[in-house]
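Worksheet: the structure to be examined is printed underneath.
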Amino acid sequence: MPYRKATAIAHPNIAFIKYWGNRDDALRLPANPSLSMNLGDLVTTTTVAFAGELETDEVTIDGQPAGEAARSRASGHLDLVRDRAGLRGVPARVVSRNNFPIGAGIASSASGFAALTVAACAAVGLDLTERELSALARRGSGSASRSVPGGYTKWLMGQGNASSFAHSVAPADHWDLRDVVVVVSREHKAVGSSRGHGLAVSSPLQSARVAAVPAMLDVCKRVLLAHNLGAMGVLIEQDAVMMHAVMMTSRPALYYWTPETIAAIQAVQSWRAEGLPVYFTIDAGPNVHLICEAADVAEVEGRARTLPGVLDILVSCPGGPARLVEEHLF
Ligand code: DP6
């Protein structure tokens, strides 16, 4: 029987309060809740069609057949959708395209698994709620749970699989923030997030971080809702550095920062001292995300271009939810 073809778009997100470490690696149940902003200018578009005539899942990303690791990760995720729909054994063709460079320090796994989840469920006719789609996307990549709802989103730890999903705390138009990504490295990271999450528990600092984060998140959410960048900025910087302290004190230790990362941190501090309201956050890599209001973005971007070792700058506004679109990629 022919199945419907479906296409979804999703945006990556930048976490203000980070996800690092799982209490259940297989289910991707996080050690702590997290809070993020979808990045509206950056988009992953994914078309899925289940097709009985294929031998196995076929996955194409940005015009190239996916490598075996990426293909089998996508296949494992499609199995969850197939199981739910009673279609085990029916392969799928997946074509996915990003409008942002892979390796620019933007986690394409968040938008990738959010778009894959929404498109695959629609392709098999599964009518899931946003919560169910978010919890399912989480199984592919933890941060993908936060790319399913729109705007500013919070991922709840939950009690178990069904209750660990993200929901919107404010829509994209709540606050016109910008993420100015300072790309200082395009190299593939030596240790990816999935492995890094497994190492978090080996740091003696992780338990302190996990104990502190829920209260930090509550305050961060409150000041985000009050448009208070000064209060929020202090928290997002502290949270990012706490996560990197855990990484650097894991066994083996993970050092994602390079001299260019530190130079950007120090520049942000001095720009602030000069009266420019801008704050940094850093994911599992050396690139630095500068968070500011739209009114200051030209100044922030101009200064960011003068930082040592800058290869590229990407700027994004807040973005909406993952959603179905009519135009297919094949
Ligand atoms: C540092 O969601 O990429 O960006 O579940 O293994 O795919 P997997 O991990 P991922 O981890 C994101 C880590 C982070 C912080 C964050 O986005 O919260």
Side-chain angles (χ1 to χ4, degrees), residues 12-21 34 36-37 39 100-101 103-107 143 177-193 195-197 199-200 202-206 208-209 212-213 216 220 229-293 296-297 299-316:
N13 63 72
I14 180 67
F16 295 152
I17 299 290
K18 307 288 188 192
Y19 151 51
W20 197 246
S34 53
S36 62
M37 176 179 97
L39 300 176
F100 52 98
I106 305 279
S143 55
L177 288 182
R178 290 291 181 276
D179 179 10
V180 178
V181 192
V182 182
V183 180
V184 294
S185 169
R186 294 199 187 95
E187 267 170 44
H188 204 73
K189 7 181 205 222
V191 178
S193 300
R195 238 190 97 211
H197 289 297
L199 297 177
S202 68
S203 165
L205 304 187
Q206 171 72 346
R209 191 190 75 86
V213 158
M216 288 169 68
C220 191
L229 183 61
M232 193 176 91
V234 170
L235 280 163
I236 70 174
E237 290 190 352
Q238 186 184 30
D239 176 75
V241 175
M242 280 165 62
M243 178 183 74
H244 281 272
V246 167
M247 293 164 162
M248 292 179 205
T249 51
S250 295
R251 290 190 210 165
L254 299 176
Y255 290 93
Y256 288 112
W257 294 3
T258 63
E260 290 77 18
T261 312
I262 310 270
I265 292 173
Q266 290 179 331
V268 167
Q269 289 175 331
S270 66
W271 298 342
R272 232 168 25 231
E274 292 162 22
L276 184 64
V278 55
Y279 296 83
F280 69 82
T281 183
I282 306 164
D283 279 344
N287 300 324
V288 179
H289 295 246
L290 307 179
I291 308 298
C292 66
E293 292 189 301
D296 295 314
V297 74
E299 182 65 27
V300 168
E301 192 183 341
R303 292 191 188 205
R305 289 196 185 279
T306 69
L307 289 169
V310 176
L311 304 175
D312 199 4
I313 304 266
L314 298 174
V315 180
S316 184

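Here, residue 1 is the first one in the sequence, and each next residue gets the next number.
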(message) By the salt bridge (Lys or Arg N to Asp or Glu O under 4.0 Å) test, which pairs, at least two apart or in different chains, include something from residues 257-269?
(response) none
(message) Does anything in residues 237-258 form a salt bridge (Lys or Arg N to Asp or Glu O under 4.0 Å)? List the pairs, not counting sequence neighbours.
(response) Glu237-Arg272
(request) Only counting residues at least two apart or in another chain, list the ones meeting side chain to side chain donor-acceptor pair (under 3.5 Å) with Ser193. (result) none
For [X], side chain to side chain contact (heavy atoms under 4.5 Å, CB included) partners two or more places apart:
X	value
Ser34	Tyr19, Arg146, Trp155
Ala245	Leu205
Pro277	Leu229, Asp296
Ala253	Tyr255

(request) Would you confirm whether Asp179, through its side chain, and Ile291, through its main-chain N or O, come within 3.5 Å as a donor-acceptor pair? (result) no
(message) Could you check whether any side-chain N or O of Ser203 sits under 3.5 Å from a backbone N or O of Ala200, counting only pairs where one atom can act as donor and the other as acceptor?
(response) no
(request) Determine which pairs satisfy ring-ring contact (aromatic ring centres under 6.0 Å, His included) with at least one residue from residues 257-280, sequence neighbours left out, and list them in order. (result) His244-Trp257
Holding to salt bridge (charged side-chain N to carboxylate O under 4.0 Å, His left out), I want the full list of residues that pass it with [X], two or more places apart in sequence or in another chain.
X	value
Glu301	Arg305
Glu299	Arg303
Arg195	none

(request) Could you check if a side-chain atom of Val191 sits within less than 4.5 angstrom of a side-chain atom of Tyr256, using non-hydrogen atoms only? (result) yes
(message) Are the side chains of Phe100 and Pro12 in contact, using a 4.5 Å heavy-atom criterion?
(response) yes
Under 3.5 Å, sequence neighbours excluded: what are the donor-acceptor pairs made by side chains of residues 263-270?
unit_1, atom_1, unit_2, atom_2, d
Ser270, OG, Ala267, O, 3.0

(request) Give the minimum heavy-atom separation between Met242 and Ala212, together with the two atoms involved. (result) CE-CB, 4.0 Å
